[in-house]
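Quick note on labels: first sequence line is chain A, next is B, and so on, each numbered from 1.
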Amino acid sequence: MSTVEIIKRCEELYEDTYFTAAREWKAADPSRRVIGYMPVYVPREIMHAGGMMSLGILGGGDKLEVIHGDAYYQSYICRIPRSTIELGKTGRLDFVDGMLFPSICDVIRNLSGMWKLMFPDNYVRYFDVPQNYKDDIGGNYYIAELQELREGLEKLSGNKITDEAIRNSIKVYNLNRKLIRELYDLRAEMPQNVPSNDVYLLNRAGMVIPVEDHNSMLRKYMDAAKALDNPIRDNCRIIINGSFCEQPPLNLIRSIELAGCYIVDDDYMLVNRWLLGEVPTSGDPLVNLANAFLHESADSAAKYCDHHEDVGMYLLSTVKERQAEGVIFAAPSFCDPALLERPMLTDRMREHDIPHISFKYAENSGQMQPIREQAGTFADSIKLWS
Amino acid sequence: MSTKIETPTDSHGSSEIQEPQKDSSMLMQKEMINSNYDALTNTANNGKKVCSTFVPGNLNELIQSFGLLNNLPETNAIQNAMRQQSGGMIQTAERQGHSEDVCTYVKADIGMMSKGNIAPNGKPMPNPDLLLLSYTGCFTFMKWFELLRQEYKCETVMLQVPYQGDGEITQNMRDFVVKQLKEEVIPALERVSGNAFDIDKLRENMRRSAQAEDDLVWVLESAKNKPTPIDAYFGAIYYLGPIFTAFRGTQQAVDYYRVLRQEIEQRVKNGQGPITPGGEMTKERYRLVMEGPPNWTNFREFWKMFYEEGAVVVASTYTKVGGVYDQGFRHDADNPLESLADYCLGCYTNRNLPKRVDMLEKYVKDYEADGLLINSIKSCNSFSAGQLMMMQEIEKRTGAPGAFVETDLVDPRYFSAANVKNRLESYFQMIEQRRQGNMIASAR
C-alpha cells in the first residue's frame, strides 16, 4: 500500500463528521460502547480494557457549518466548544455512549456541565488530573480518579474492567505510542518523505479508529515512506507550539510547509504522545498509568510548571533534539492556556536565540495567504540571517 | 502622601453623579481596606511578610495565623479600574506581548508592575514573600501565578482545588486538598513567616469567620423582603469587601458584619429600600437575579442604569465567588483543615454548570425575582462559558425572562454604555409586558 493510498483513507476519516468508522465498529457488536473525549489527554487504556472504543472529538474543523453551537457562546470564546455542541446537536454523536472532558481550561470544563444538561442520558465525566506531581499527593489523588473512571465505565458497560485487561491495553497503547514516536522521528529525519500533512492525518485517524487498526496503518505508512526518494528542499526546520486543543485547518499546516518550512515537531493531538515512555505492564496498572502521567509525560500549557527554571525547557529540548531552527507559536484565538503561557515561552526562546513568530487561528480560518506570507518571511529570515 | 481607596460607592464613572450617602458600615469598611493597604505598603517598618493569593479559595484564616499580610492581585486590579488606571496598564501588558484575548485582571496586574507597582494608596507595593496559588475555579489563576513568579522570583506554593465535575465534593477531593495543606502549604507558610503552625490560632480565626458569615448571610437574605433593603449585587459587593479580602477570620470582620446587620435590620423595620449612589431607592420596580461579575471601570455608571429605573438586584452569584455561605457552609473550627478544603471546593465557580443553574433557579424563586440578568464578562471564561445555556435553563424552569449584557472586568474598551443601557431598557420593558400579560391572563 502506498503512502498516497493510506493518506487518502486518513483524509476520508478526517472529513467524516459522522464518524462512520466508529459507528460501524460499534454496530458490529451490540455490547460495544463508544466513549468520546476531548483534548488533551485521557487514559484510553481504561476504555480499551472495558471493550470500548475511545473516540477523539476535536471540534468540527473548517467544513462543518456551526448553527446551533453559536447560540451557546459569546463571540469571545474559542470555536471548539461551539462546533462540538454542533456535532452533538445535529446527531453526529448520537451513537456515543459517554463523553470525557479533560482538565484543560475553563471552557472545556464548563462544557462538561453543559453536556450533562444537554444529554442527561449520557455518561459524562469531567476528567481531572493532578497539577501536583508528588506520588503521595497528586499521585494518590489521580489513582483514585482513575479508579472512579474505571467504576463509571464498568457501570456503563456492565462489564468488570480487570487489572489484567488494563495491563493488556497498556501493551497495545505502548505500541501505538512507540509507532507514533517513530513516525515523528522519521519525519524529523526525512521530512521530504513524510510531509506534515501526512503526519497530521495519520494522527487524526488514530482518534476515530480502533487502536489496533491504527497501529497497522502506522506501520504500513512508515514502511512505504522510507522507500520514497523525494528530493529535499531548502526549507527551514520549525516546531509548531500552542495547537494542542482546537485544531488548525489542514490548509494551515499545508500552507506553512508550502511557505518553506518543514514542521519537525508539533503539539497536535498530544494524547497520542502524552506518555513519553513505555508504561510498565506488570504490577498495579493504575499506579503505572499515574506514575507515567506524573513523571514521564509531555509538557503543555494545560499543566502547571512548579519551577520557573523549567518553564519552556521541554520546548527548548525539543528544538535541540529535532535540530529545529525556529518555533511558530500558533494558538487558537481566545485559547487561555496557550495565550497566557506564550509570553513565558517566547522569553525562553529569546534567551536562547531561537527565532520565533506568533499568530492565531480558528479551526475554520479560511484565509491562508497571511499565514503563508508570515511563515514564508519567517523561513526566509532564518535562512538569511540565522 | 495617602490617597483615598476607591470603593464601589465612590468611583467616578460619571461626573454628574452626586456624592453618595454613606452609612457607618461603609465608613468602617473603607477604613479596613485602607488599613490593609497601609500595612502592605509599610512592611519596611512593620517587618511583616506578604503573601499574595487569590480571592476564590483564599486561606485567610491560615495566612493570618502565621502573621502574614494578605495581598490580592484581583482587588488591586479592581482598585485600579475604579481609579481609571487599568486601561493604560492593560495596554502596557499587551505591548509586552500579552494577548488581547486573555484575562484583563492578569494584564492589569502585570501592567501595574511595569508602572512601579504603586498601591491604591499611592505608595509602592512590596514584592510578595510568598505566592500562594489557590487554584480554585479558574484555570487562568495557574498561569497568572507562573507569570508573577517570573517577575518576583519568590517562593511559590500551589494548592490545587479539584473542580466539582459531578456537582459534589468527594472524599478523594477533600483528602487531596487537606494533604496539600499539610504537606505543601503549611510548610511553605512556616518557612516564609519563620513561625510554627499553631492550630489553635487557626481555630480561633475560623470561629470568628463563622460569626461573620452568619451575619453576612442574614444581610444577603434580607433581600427576600419587599422592598429589599439592600442591592445584592452593586451594594453587596461593597459588603463583601472585608470577607473576600484580608479580613475573614479577624475581629474587625466580626464587628463590621454585626454593625452592617444592625443597619439592615433597621432598614427592614423602616420598610426602606437600598441605598444607592443616587440616594435611597424609594420605588422598587424590578427585582433581578444577577449572574456574573460586574464591570469595574464604569461601576457607578452601570449601577445608575439600574437604580434610575427602579431595578434592584435581590440575589447574585458574583457575591458567592469568594465563598458560598447561604447554602449552609460555615468555617468549622473543630475540623479546621477539612473545613478549609470544603470552603475552597465549594466556591461558586468551582461548582459545575448544573449546580450553578440550580442555585440561580432557587434564587429566582426564593427571592421572587422578575428575571435573571447576566453580565457576561469577556475576560472570564470561568464565569462566562455556558452562560447562554444557563439563561435558557432558567427561563425554562422558572418562566422568568432572562437577558444578557456584555462588558469586561477592568478593560474600559469593552464597556459600551449606550449598548448596555439599550439592552437594559429593552429588558425592563419586556418584564413590564410580561407582567401586564400575566395580569390580563389572571383577570380572565
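Atoms CD1 and CG, from A/Ile137 and B/Asp175 in turn, are 12.5 Å apart once rounded to the nearest 0.5 Å. Considering CE of B/Met389 and CH2 of A/Trp115, their distance stands at 10.0 Å, rounded to 0.5 Å. Distance check: A/His308 NE2 to B/Leu148 CG gives 12.0 Å after rounding to the nearest 0.5 Å.
Highest contact tally toward chain B, considering only A/Ala331, A/Cys335, A/Ala302, is held by A/Ala302 [criterion: heavy-atom pairs under 4.5 Å]. Considering only heavy-atom pairs separated by less than 4.5 Å from chain A, the leading option among B/Thr349, B/Asp101, B/Leu353 is B/Asp101. Ranking B/Met142, B/Lys179, B/Glu406, B/Lys107 against chain A, the residue ahead of the rest is B/Met142, based on heavy-atom pairs under 4.5 Å. In terms of heavy-atom pairs under 4.5 angstrom with chain A, the leader among B/Val357, B/Asn172, B/Val102 is B/Asn172. In terms of heavy-atom pairs under 4.5 angstrom with chain A, the leader among B/Thr170, B/Thr140, B/Asn352 is B/Thr140. Across B/Ser384, B/Cys380, B/Gly97, B/Ser379, the residue that shares the most heavy-atom pairs under 4.5 angstrom with chain A is B/Ser384. For the set B/Cys103, B/Cys138, B/Gly167, the count of heavy-atom pairs under 4.5 angstrom toward chain A peaks at B/Cys138.
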- Message: Evaluate B/His98 against A/Leu340 for side-chain contact (heavy atoms from CB on, under 4.5 Å), listing each step before the verdict.
- Response: CA-CA 7 Å; B/His98 294 271; A/Leu340 283 163; over 6 Å; no
- Task: Step by step, work out the side-chain contact (heavy atoms from CB on, under 4.5 Å) result for A/Arg125 and B/Asp166.
- Result: CA-CA 7 Å; A/Arg125 185 171 176 83; B/Asp166 287 333; 3.8 Å; yes
- Where do A/Tyr72 and B/Gln392 land on the side-chain contact (heavy atoms from CB on, under 4.5 Å) test, with the steps shown first? CA-CA 10 Å; A/Tyr72 289 87; B/Gln392 290 166 18; 4.0 Å; yes
- Task: Go through the steps to decide whether B/Lys378 and A/Gln74 satisfy the test side-chain contact (heavy atoms from CB on, under 4.5 Å), and finish with yes or no.
- Result: CA-CA 8 Å; B/Lys378 175 191 171 279; A/Gln74 303 88 320; over 6 Å; no
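In the displayed structure, A/Lys303 atom NZ is contacted under 6.0 Å by more than 12 heavy atoms of other residues, nucleotides or ligands. For CD of B/Gln171, the number of neighbouring non-hydrogen atoms (other residues, nucleotides, ligands) closer than 6.0 Å is greater than 12.
Residue A/Asp136 touches chain B through both its backbone and its side chain, counting heavy-atom pairs closer than 4.5 Å. Using a 4.5 Å cut-off between heavy atoms, B/Leu133 touches chain A through its side chain atoms alone. Of the atoms belonging to A/Glu145, heavy atoms from both backbone and side chain fall under 4.5 Å from chain B. With a 4.5 angstrom heavy-atom cutoff, A/Val311 touches chain B only via side-chain atoms. With a 4.5 Å cut-off on non-hydrogen atoms, B/Ile377 touches chain A through its backbone but not through its side chain. The parts of B/Asn381 that come within reach of chain A are both its backbone and its side chain, each placing non-hydrogen atoms under 4.5 angstrom from that chain. Proximity to chain B is limited to the backbone of A/Ile104, based on heavy atoms less than 4.5 angstrom apart. Of the atoms belonging to B/Glu146, heavy atoms from both backbone and side chain fall under 4.5 Å from chain A. Only the side chain of B/Glu393 comes within contact range of chain A, with at least one heavy atom under 4.5 Å from a heavy atom of that chain. Proximity to chain B (any heavy atom under 4.5 Å) is shown, for A/Pro81, by neither the backbone nor the side chain.
B/Tyr163 and A/Ser112 get closest at one heavy-atom pair: CE2-OG, 4.5 Å. Taking all atoms of both residues into account, the shortest heavy-atom contact from A/Arg342 to B/Ser99 is NH2-CB, 4.3 Å. The two residues B/Gln160 and A/Gln131 come nearest to each other via the heavy atoms OE1-N, 2.6 Å. Nearest approach of A/Ser103 to B/Tyr135, heavy atoms of both residues: OG-OH, 4.3 Å.
Using a 4.5 Å heavy-atom cutoff, the side chains of A/Lys134 and B/Glu183 are not in contact. Looking at heavy atoms from C-beta onward, B/Met158 lies out of side-chain contact with A/Asp306 at the 4.5 angstrom threshold.
Here B/Lys143 does not pair with A/Asp336 in a salt bridge; the nearest charged N to carboxylate O distance is not below 4.0 Å. The residues B/Glu100 and A/Lys360 are annotated as salt-bridged, a charged nitrogen and a carboxylate oxygen being separated by less than 4.0 angstrom.
A/Arg109 places a side-chain N or O within 3.5 Å of a backbone atom of B/Gly137 that can act as its donor or acceptor partner. Counting only distance, with no hydrogens or angles, the side chain of A/Asn110 and the backbone of B/Ala385 share a donor-acceptor pair below 3.5 Å.
Looking at A/Tyr76 and B/Ser376, their side chains do bring a donor and an acceptor atom within 3.5 Å of each other. A side-chain donor from one of B/Glu184 and A/Asn132 sits under 3.5 Å from a side-chain acceptor of the other.
Under the 30°/60° scheme for interplanar angles, the aromatic rings of B/Phe176 and A/Tyr141 are found to lie parallel.
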